Amino acid sequence: MDEDFRKAALDYHRLPRPGKLSVEATKRMATQRDLALAYSPGVAAACEAIAENPQCAYEMTTRGNMVAVITNGTAVLGLGAIGALASKPVMEGKAVLFKKFAAIDSIDLEVDELDPARFVEAVAALEPSFGAINLEDIKAPECFEIEQSLRQRMKIPVFHDDQHGTAIIVAAAVRNGLLLQGKNLAEARIVTSGAGAAALACLDLLVAMGARAENITVTDIKGVVYAGRTELMDPYKARYARETEARTLAEVLDGADVFLGLSAPRVLKAEWLPRLAPRPLVLALANPEPEILPEAVRAARPDAIVATGRSDYPNQVNNVLCFPFIFRGALDAGATTINEAMKVAAVEALARLARIEASEVVAAAYGGQAPVFGPDYIIPKPFDPRLILEIAPSVARAAMESGVATRPVADFNAYRETLERFVYRSGDLMRPMIHAARKAPKRVVYSEGEDERVLRAVQSVLDDDIAEPVLIGRRGVIQAKVKAMGLRMDLAESVRLLDPAEDEAVFGPLVEVYRAKVGRRGVPPDTAERAVRLRPTVAAALLLEAGQVDAAIVGGQGEWMRHWHQAYDVIGKKETANRVYAMTGVILPAGTLFFVDTHLLVDPTAEQVAEMTLLAAEQVRAFGLHPRVALLSHSSFGASQAPSARKMREALQLIRAAAPDLEVDGEMHADAALVPAIRERAVHDSPLTDSANLLVMPNLDSANIAYNLVKAAADGLQLGPLLLGMRKPIHVLVPSVTARGIANLTAVASTQA
């Protein structure tokens with residue numbers, strides 16, 4: 001690494017506090033009673049329950065979600081035997097990855113012991129503390145003995161990630177690489193450079209998946225592993241010794257379909273590449289410099305597919321693709337071990353995910369270009385948020401089917417929904433909407449059908465079966481983008497495409513509808529026709545008005561208010577509403593806050609505040625939430641006689657008269673709305689039973705500033721804006737909307753329809 005990067009890495013580990021981990025309490029400890037429950041005397045009840053039934057430890061302690069990352073520092077990354085203490089930054093990093101990618105609590109333990117037997121004794125004694133053990137960076141062949149001994153002694157999963165994590169990723173890459181090359185694993189000839197823990201684990205797993213041992217040739221620093229060789233041999237390596245006269249790597253490359261390198265830089269020479277079979281798979285995984293650089297492979301063998309361990313080349317073999325999610329599935333099923341069936345299940349899940357179009361999160365993380373399954377994308381990217389959804393359930397199911405699960409998953413659909421909180425922060429909030437939309441999917445039109453975010457959202461909508469999509473745009477452009485993005489939607493069957501410039505039979509009659517609506521607003525007939533043909537928001541709104549669709553999602557590009565006016569000119573408000581308002585949700589770790597009116601009414605009257613509150617409360621209920629409404633102000637419970645404060649007090653009286661059962665109070669400060677203790681110090685008779693979740697502002701500035709401030713400061717996820725009071729379900733996207741945000745609004749619009 002260069003000196004600037006080295007300094008940045010040292011500062012990262014040193015500042016603002018040493019290390020990468022901390023411990024935080026998961027229970028409130030604010031009162032004497034809290035302390036009594038957490039420790040003495042209350043803790044005795046939990047201890048007694050566990051003593052009577054050890055399985056209670058998974059219900060009352062962190063054990064079921066706690067993994068120990070353990071090493072003796074004998075084979076650390078590319079650094080070698082640097083010792084237990086020097087390995088600690090790496091082990092802390094591994095623990096951080098468990099938390100980041102799978103919400104698994106983890107602690108690193110560096111054991112200063114080189115004797116395998118004594119190391120095993122030290123680790124085995126820790127079993128009561130953890131739900132699983134991740135062995136890390138232990139050199140071969142001792143790692144085989146250590147893992148085998150611990151697996152025999154311990155009744156929790158023990159997993160040496162350097163072996164099995166690498167093996168799982170490699171096996172997925174081989175599975176998909178051979179698929180693209182038109183080859184079969186059972187017939188493939190495999191040559192390795194390297195015979196350490198990772199290489200042998202890769203071969204073992206490939207054999208478990210159907211590769212034939214007689215088609216495998218292993219080489220190491222002393223050359224070919226052949227029958228009768230004694231130098232640098234061990235029982236684990238000897239399993240792959242072959243009867244052969246060949247003694248060097250170059251001699252055994254002839255006709256090889258797969259080259260698997262887990263050894264050292266530059267050991268595979270470019271001049272040897274012609275010896276490989278047609279359409280070979282080259283996995284050069286030495287780090288930081290591979291056995292051969294991908295550009296050298298492409299120059300000599302353009303028909304090859306190449307993978308490395310580096311992030312600056314395609315097809316990175318990175319253990320973070322699997323180990324957090326394998327442990328997630330194993331812990332959730334109460335697995336006593338991680339067996340071959342669970343590893344194979346992880347392989348198939350990884351390979352399957354690579355064949356599905358990449359998510360927008362992956363596209364954003366890699367320069368805006370979403371990879372498509374092919375020679376440069378045979379395994380998923382590490383930042384693909386769907387890894388947990390594919391791997392964890394597959395591993396849990398395999399644990400159950402192979403008989404090692406002590407807490408079987410009863411409902412995999414429900415389990416998958418619990419995992420979605422790691423992928424989509426909106427999952428818990430949107431679940432009732434999505435379930436309701438699935439019961440009767442509605443026709444939803446998208447005005448910006450050529451937008452890649454819309455296309456990704458539509459793929460999700462189809463996968464979740466929550467709507468029947470209609471896309472407005474140029475057919476050729478949409479078809480080309482769907483193909484380029486690797487989306488699976490069938491544009492001839494599952495999606496309707498409409499082009500206002502070409503589909504005269506559909507839009508010709510709608511031109512007359514639009515002329516009738518805007519003809520007396522200063523819009524000449526020819527201008528009205530151009531608007532229908534050239535303004536997709538107008539076209540989408542007209543389809544909704546004519547009953548050809550049930551709901552519409554418009555905007556997302558350009559000025560929000562322009563799209564709003566175009567939609568409103570066609571659809572208008574409900575007869576029962578005096579105005580239309582906008583409510584925006586911000587999804588936070590502690591729950592969702594809704595803000596109103598965030599986009600439309602600059603300075604509402606008391607009557608309008610009351611109306612927007614009632615409409616917003618109705619929408620909050622549609623999410624399956626109980627609305628608790630706070631009318632916010634600079635004034636708190638009558639402290640000011642300013643016009644805005646009086647307005648909010650008057651609105652409160654109107655709301656209570658119209659909806660006496662609604663939990664609502666005000667006017668109040670924002671902290672009183674969110675913190676019951678502060679509110680109780682101000683008044684003792686507030687009807688709010690907990691923190692408010694619907695915040696009603698005295699004007700547009702305060703509402704818009706508040707939701708944007710909360711969203712930015714707390715890393716919140718925006719939902720909306722949702723239009724309240726429109727005559728038909730139509731919503732206008734903000735330019736910053738994501739594909740998931742569009743899919744969420746689709747579910748809302750579909751249920752409203």
Side-chain angles (χ1 to χ4, degrees), residues 21 63 66-98 102 104-170 196-202 204-205 234 236 262 318-331 335-340 342-343 346 395 404:
L21 292 173
R63 189 186 186 211
M66 179 69 74
V67 171
V69 178
I70 304 181
T71 190
N72 61 5
T74 54
V76 181
L77 288 176
L79 304 174
I82 61 174
L85 180 60
S87 74
K88 187 170 177 63
V90 178
M91 301 309 121
E92 282 189 0
K94 191 68 177 283
V96 168
L97 295 178
F98 271 115
I104 293 173
D105 294 320
S106 179
I107 190 166
D108 60 295
L109 299 173
E110 292 73 34
V111 181
D112 195 6
E113 181 55 70
L114 300 181
D115 179 75
R118 294 184 63 183
F119 184 88
V120 166
E121 291 297 327
V123 175
L126 299 171
E127 181 169 347
S129 298
F130 301 101
I133 302 294
N134 184 113
L135 298 175
E136 191 76 14
D137 292 352
I138 302 171
K139 73 181 181 72
E142 289 92 333
C143 62
F144 300 115
E145 175 187 339
I146 287 170
E147 186 190 44
Q148 185 176 14
S149 297
L150 289 172
R151 284 166 64 98
Q152 290 171 351
R153 292 183 56 172
M154 303 180 81
K155 295 182 177 62
I156 59 175
V158 178
F159 186 86
H160 187 206
D161 187 46
D162 300 292
Q163 296 178 58
H164 309 300
T166 301
I168 288 165
I169 310 304
V170 165
L200 295 178
C202 290
D204 290 345
L205 186 54
D234 58 61
Y236 309 100
L262 285 153
N318 187 332
N319 286 16
V320 77
L321 283 169
C322 73
F323 75 81
F325 319 116
I326 290 171
F327 277 91
R328 180 77 274 161
L331 289 170
T336 57
T337 186
I338 296 175
N339 57 26
E340 289 301 303
M342 296 161 73
K343 289 184 239 175
V395 169
V404 299

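Note that these values count all heavy atoms, side chains included, but never hydrogens, waters or copies made by symmetry. Residues take their numbers from the sequence shown, with the count starting at 1. It should be emphasised that the depicted structure is a prediction, and the values quoted were computed from it without experimental measurement.
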To check you understand the geometry: which heavy-atom pair defines the closest contact between [X] and [Y], and what is its length?
X: C143; Y: H160; answer: CB-CE1, 3.3 Å
X: M91; Y: D108; answer: CB-CB, 3.5 Å
X: I138; Y: D162; answer: N-OD2, 4.1 Å
X: L85; Y: P89; answer: O-CD, 4.2 Å

Point to revise | Of D137, D161, N319, the residue whose pairing with K94 passes side chain to side chain donor-acceptor pair (under 3.5 Å) | key: D161

Exercise for review: Using modelled atom types only, decide if a donor and an acceptor are shared between the side chain of E127 and the backbone of K155 within a distance under 3.5 Å.
Suggested key: yes

Check your understanding: So which of L97, N134, L331 actually passes side-chain contact (heavy atoms from CB on, under 4.5 Å) with I104?
Key -> L331

Review point. Are any of the side-chain heavy atoms of E136 and F323 separated by less than 4.5 Å?
Key: no

Practice item. Can you establish whether the number of heavy atoms outside R153 located under 6.0 Å from its atom CZ is more than 12? Key: yes

Point to revise | Atom CG of D115: over 12 foreign heavy atoms under 6.0 Å | key: yes

Check your understanding: Rounded to the nearest 0.5 Å, how far does OG1 of T74 lie from CD1 of I146?
Key -> 7.0 Å

Check your understanding: Stepwise, does the salt bridge (charged side-chain N to carboxylate O under 4.0 Å, His left out) test hold for E340 with K343?
Key -> CA-CA 5 Å; E340 289 301 303; K343 289 184 239 175; 2.7 Å; yes

